[in-house]
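Contents: one structure, followed by commentary.
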Amino acid sequence: MKSIVTQLLQDALANLPELADVIAGISVEATIERTRDASHGDFASNVAMRLAKAAGVNPREIAANIVAQLPDGDQVDKVEIAGPGFINFYLSAAAFHNELRTMLDQGGCYGRQEARKKPRILLEFVSANPTGPLHVGHGRHAAFGATVGNLLEATGYPVEREYYVNDAGRQMDILGVSVWLRWLETQGTKIPFPEAGYRGAYICDIASAIDTGGIAVVSAERLTDGLPDGDQELVIEALIAKAKDVLGADGFDQIRQQSLESIRADIEDDLAEFGVTFNHWYSEQSLTTSNRIDDALAVLKERGMLYEKDGATWFRATDFGDEKDRVVVRENGNKTYFASDIAYHFDKRERGFDHLIDILGADHHGYVTRVQGGLAAMGYAADDLEVELMQFVALYRGNERMQMSTRSGEFDTLRKLRAEVGNDAARFFYVSRSNDQHLDFDLDVAKSESNDNPVYYIQYAHARIASVFRQLEERSLKQDAVKGRENLALLTEPQEKALMTTLSRYPEVIELAANNRAPQHLVHYLRDVANDFHTYYNAHAFIVDDDKLRDARLVLITAAKIVIANGLSILGVSAPETM
RNA sequence: GCGCCCGUAGCUCAGUUGGAUAGAGCACCAGAUUCCUAAUCUGGGGGCCAGAGGUUCGAAUCCUCUCGGGCGCGCCA
C-alpha cells in the first residue's frame, strides 16, 4: 500500500520544478513510513523537512506546496500537514478493501516480489566442522540462515544455500584417530583415551559401524610404546602418526573419510528434520584436489599481492585495511586455513554468484576484513562479501550454564533441543532476537513455559480461523466469497480497521526484514497480527445472521489466515489447522 | 594495548536506516465467556534509553569520550 503514497508524492513533486534539484538527492519512498499513532493517519512523509534545508524554505511551506499538487483519487480520504512539516496521509476504506482482495487473489504469493535475475546470492551458513553433532549454537545459525534465505527469495532474489564442509586439516586426523581407538576398544585393545581426542559417545557409534575391512588389530603395548608424557596435544599427534604408520596412509584415510561422511550425513539429516536444507555441500578437500587454492594463489601472485619473508609466503592484507599481513603458505610448505578461505570465496565469485553472504559466529569478526581483502586483491569488490555475525547462544538448565565443547563430548545437541521444545518453538525462538544480541536459551524455561511461547499464540490465531470455518460448516452455512468481497464496506468496527491496517503492512515487513537480514521484524509483526485477530475475535462474532456482514468478515479473517500462514512459512514454522 | 558487538521497564527483548507522547512478552494488580477453541481478551502500575558532551528543526538511533559486559587479535582450524 505504500506504493500508493509513493506514487502520489512523486506525481506531486513532478509538478514542482523548483524542487527538482533538491529532490534528486533523496529517495521519496524512504521518506514514507507507517505512522505509530492512528491520529497521524496511515502513512506519513517527512519529505518536506528533508527538502527544507537544501531549498532554504520553511518545511511547512514546502509541505503545503506539495499537498496542493497531489492528484485527486479515491485512494486517499485526506491529507494533513502536521507538526514541523509532516505530511500525513489518511487512506480510504476502499484502498484497504483493494488490498484485502489482493491478499485473497494472491494467497500464498501475497507479500512476495517478482523474481529478478540479479544479483545472484550465495548464502553460506552453519558450516560447522564435521567432527560431531550440531549443538544448540549451530541451531541458531541454521534457523537464522534458513529464514534469511526465505526472506531473500520472497523479495525476488535468486539465492542458493551452501554448507562449507571443513573436511581438511588436523581436526580430521584427530577425528580419524579417535574413531580408530574406539574401534580398537571393540576389538579388546584398550588404552587410556587421549584427552585431546573426540570423546563424545557418537564416536563409539561410528566406530562400531565402521567398515574396517582387513585392518589389523594392534596391541595396547604397541600403541602406548613411545608415547610422550604430559602435553595432550603431543600425545594426540603421536597417536595420529602411529595410526598412519600402522594402517598406512590409505588405511587411515579410509577410516577418516568414513567417520567424516558419517557425521556429515548425520548433520544433514538433523538439519533436514529442522527444515533447513542446502543446495550445495562444498568440501574443503575439493579445493585442494581441484587445485583451487593454487589457482587463487597464482592470481594473487600475478597481481603482486604476495611476497616471501622468513621462508613463508605472505598476503599483503594491510593494503586492504587489515592490521597486519597474513601468511598463506607456511615455512613448512603447508597452506594456511586462510589460503583456502580466500580460494573458497574467490571460487564462489567465479561460480557466478554476485553477492556472497556468510553467516558466521561472532568470534570470526577478526577475519572478515582479510577475506574481503582477498576478494579485492583478486579483482572483485570487498563488499561483494557480506558477513552477518551471530552472537553466541548460552545454554542454561535452570541457573546452570552448560559448557559446549565438541572435544569433551559434554554439550547439548540441536537434536536434543528439538526433541525437548519442538521444531516450531526452536525455529521461532532462535530468530526472535537480533543476530547481534546474545541469546540465553534456558531449556527449563523453554519447556515449562512452552504454552506461553509466542509461537503458540500465533499458531493459535491460525487454528482459530480454521476453526471458524469448521464451525460454519457444522451450522450448514456457506461462505459466499463474492458477496463478501462486495460488502467489505460493512467492516467498520475499530478492530476490523486495525486488523486490515496491520495485514496490509505485511509486504513492507517482508521487505524490511529481508533488506536488514532481520527476521525478528517478521516475528514481532506476526505477533501483532495475532493480537489484532484475537482482539477482534473476542469483540465480535464472525458467524452472524446478516449474511452480507458475515461474508465480509469471513473475507477479512481469511486474509488474516493467509498472512499468518505466509509469514510462518518464511520462519519455517508450521501453521496448524487445529491445536 | 588495539579492533568488533552489546548496555532500553523487576526479567527477556523490540524499536521500521534521524521523526511526532518510548513499545511488547513474562511477572504483579483488577476485570471479561448463556455465543465461532480461555493456548483468548480488556484495563492498570512500572523508564535519567549506562553516563557526559557534540551534530540539527528533531537523537534510544549518528560522532567523540568515560564506565560496564561479551568476543577477537597465530606460520591453529
Side-chain angles (χ1 to χ4, degrees), chain A residues 30-31 33-37 39-40 44 46 49-50 52-53 58-59 82-86 88 129 131 166 168-172 174 233 284 309-314 323-324 326-338 340-341 361-369 389 391-392 394 432-440 442 445 449-461 463-472 474-475 505 508-509 511-513 515-516 518 520-521 523-525 527-528 530-531 533-544 553 557 578-579:
Chain A
T31 71
E33 58 184 11
R34 293 272 176 170
T35 57
R36 193 180 306 168
D37 191 327
S39 69
H40 296 135
N46 61 13
M49 280 124 77
R50 300 271 288 271
K53 193 170 193 182
N58 179 306
F86 290 105
N88 292 338
N129 292 342
T131 54
N166 288 107
R170 197 172 102 94
Q171 58 184 347
M172 285 298 106
I174 298 174
E233 295 299 326
E284 184 186 359
K309 192 183 88 177
D310 302 334
T313 305
W314 297 71
E323 55 196 31
K324 58 174 90 161
R326 305 290 171 178
V327 171
V328 287
V329 183
R330 291 197 281 271
E331 197 175 359
N332 66 11
N334 290 340
K335 286 142 202 152
T336 61
Y337 183 79
F338 176 54
S340 52
D341 238 23
D363 54 335
H364 287 73
H365 74 80
Y367 94 170
V368 174
T369 308
L389 295 173
Q391 292 296 328
F392 291 150
S432 66
R433 58 205 53 173
S434 151
N435 59 296
D436 51 22
Q437 195 73 237
H438 290 267
L439 177 62
D440 289 339
D442 189 324
V445 171
E449 295 192 350
S450 61
N451 279 356
D452 294 326
N453 191 313
V455 71
Y456 295 103
Y457 180 84
I458 295 164
Q459 288 179 319
Y460 183 47
R464 254 185 162 179
I465 296 170
S467 170
V468 170
F469 283 93
R470 284 193 295 273
Q471 201 42 234
L472 192 69
E474 275 179 31
R475 299 188 199 177
R505 282 171 49 208
E508 296 153 34
V509 170
E511 179 158 14
L512 175 76
N515 289 344
N516 293 339
Q520 77 272 11
H521 285 133
V523 168
H524 290 277
Y525 167 78
R527 213 215 145 268
D528 284 347
N531 184 30
F533 169 76
H534 286 309
T535 299
Y536 183 29
Y537 184 100
N538 276 275
H540 302 285
F542 308 134
I543 304 177
V544 291
R553 286 182 171 173
I557 66 170
T578 60
M579 286 180 75

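Every chain is numbered from 1, with letters handed out A, B, ... down the list of sequences.
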| message | Out of the candidates A/D440, A/L439, A/D363, only one should pair with A/F392 under the side-chain contact (heavy atoms from CB on, under 4.5 Å) rule; please name it. | response | A/D363
| Going from CG on A/D528 to OH on A/Y525, what distance comes out if it is rounded to the nearest 0.5 angstrom? | 8.5 Å
| task | Describe the nucleic acid contact of A/A44 in one word from base, sugar-phosphate, nothing, applying a heavy-atom distance below 4.0 Å. | result | base
| task | Using the P atoms only, state how far B/A60 lies from B/U33, rounded to an integer number of Å. | result | 43 Å
| task | Name the nucleic acid region contacted by A/N46, choosing base, sugar-phosphate or nothing; use a 4.0 angstrom heavy-atom cut-off, strictly under. | result | base
| message | Would A/R464 pass as a cation-pi partner of A/Y537, given that its NZ or CZ must be under 6.0 Å from the six-membered ring centre and within 45 degrees of the axis? | response | yes
| Taking atom P of B/G58 as reference, at what distance in whole Å does atom CZ of A/F86 sit? | 13 Å
| B/C35 OP1/OP2 closer than 4.0 Å to side-chain N/O of A/Q471 | no
| request: Please determine, for B/G45, whether a Watson-Crick or G-U wobble partner exists with both distances under 3.5 Å, and give it or none. | output: none
| task | Both distances under 3.5 Å, Watson-Crick or G-U wobble: report the partner of B/U16, or none. | result | none
| request: Any strand is fair game: report the nucleotide pairing with B/U34 by Watson-Crick or G-U wobble, both distances under 3.5 Å, or none. | output: none
| Sugar-phosphate, base or nothing in reach of A/E323, heavy atoms under 4.0 Å | sugar-phosphate
| task | For B/G25 and B/C63, measure between their C1' atoms and round to the nearest Å. | result | 34 Å
| task | Report yes if a side-chain nitrogen or oxygen of A/Q437 is closer than 4.0 Å to either non-bridging phosphate oxygen (OP1 or OP2) of B/A14; otherwise report no. | result | yes
| request: Taking the side chain as every heavy atom from C-beta outward, state whether A/R470 and A/T578 have any atom pair closer than 4.5 Å. | output: yes
| message | What contact category does A/A82 fall into here, base, sugar-phosphate, or nothing, at under 4.0 angstrom with non-hydrogen atoms? | response | base
| message | Whether A/R326 contacts B/G74 is assessed here as follows: a side-chain N or O lying under 4.0 Å from the phosphate OP1 or OP2. Is that the case? | response | no
| field | Inter-nucleotide P distance (B/A30, B/G45), Å rounded | value | 15 Å
| query | Starting at CZ of A/R464 and ending at P of B/A38, how long is that distance when rounded to a whole Å? | reply | 5 Å
| field | Distance, rounded to the nearest Å, where A/F533 contributes CZ and B/U40 contributes P | value | 13 Å
| message | Applying a 4.0 Å non-hydrogen cut-off, can you work out what A/A362 is touching in the nucleic acid: base, sugar-phosphate, or nothing? | response | sugar-phosphate
| said: Using OP1 and OP2 only, check whether a side-chain N or O of A/K309 sits under 4.0 Å from B/C75. | reply: no
| field | Span that lies between the C1' atom of B/G18 and that of B/U56, in whole angstrom | value | 10 Å
| OP1 or OP2 of B/C36 sitting under 4.0 Å from any side-chain N/O of A/R553? | no
| Mind checking who B/C73 pairs with, Watson-Crick or G-U wobble, both distances under 3.5 Å? | B/G1
| Expressed as a whole number of Å, how far does the C1' atom of B/G72 sit from that of B/U16? | 31 Å
| Nearest-0.5 Å distance that lies between atom CG in A/N166 and atom CD in A/Q171 | 6.0 Å
| task | Compare the aromatic ring of A/H365 with the six-membered base ring of B/G72 and state whether they stack according to the 5.5 Å and 30° rule. | result | no
| task | Classify the nucleic acid contact of A/T578 as base, sugar-phosphate or nothing, counting any heavy atom under 4.0 Å across all strands shown. | result | base
| Under the rule syn = chi within 90° of 0, otherwise anti, which is B/U66? | anti
| request: Look at A/R330 and B/A77 and indicate whether a side-chain polar atom (N or O) is within less than 4.0 Å of OP1 or OP2. | output: yes
| query | Within less than 4.0 Å of OP1 or OP2 of B/U42, is there a side-chain N or O belonging to A/T535? | reply | yes
| Within the pair A/R527 and B/A14, is there a side-chain N or O less than 4.0 Å away from OP1 or OP2? | no
| field | Distance between C1' atoms of B/A20 and B/A59 (Å, rounded) | value | 13 Å
| Working for side chain to side chain contact (heavy atoms under 4.5 Å, CB included), residues A/F86 and A/T35 | CA-CA 11 Å; A/F86 290 105; A/T35 57; over 6 Å; no
| field | Whole-Å C1' distance, B/U17 and B/C62 | value | 11 Å
| task | Give one of base, sugar-phosphate or nothing for A/L512, where a contact means two heavy atoms less than 4.0 Å apart. | result | sugar-phosphate
| message | Measuring from atom NE2 of A/H521 to atom CG of A/L512, what distance do you get when rounded to the nearest 0.5 angstrom? | response | 4.5 Å
| message | I need the CG-P distance between A/N88 and B/G19, as an integer number of Å. | response | 15 Å
| query | Please give, in whole Å, the distance from B/A77 P to A/E284 CD? | reply | 9 Å
| message | If you compare every side-chain N and O of A/N332 against the phosphate oxygens of B/C75 (OP1, OP2), does one of them come in below 4.0 Å? | response | no
| field | Inter-nucleotide P distance (B/U61, B/C49), Å rounded | value | 10 Å
| query | Hey, what do you get for CZ (A/R527) to OH (A/Y457), rounding to the nearest 0.5 Å? | reply | 4.5 Å
| request: Under a 3.5 Å limit for both distances, which nucleotide forms a Watson-Crick or G-U wobble pair with B/C65, could you say? | output: B/G51
| message | Is A/R505 close enough to B/U16 that one of its side-chain N or O atoms is under 4.0 Å from OP1 or OP2 there? | response | no
| message | Measuring to OP1 and OP2 of B/C13, would you say a side-chain N or O of A/R433 lies under 4.0 angstrom away? | response | yes
| Length of the CG-C1' vector between A/N531 and B/A14, whole Å | 15 Å
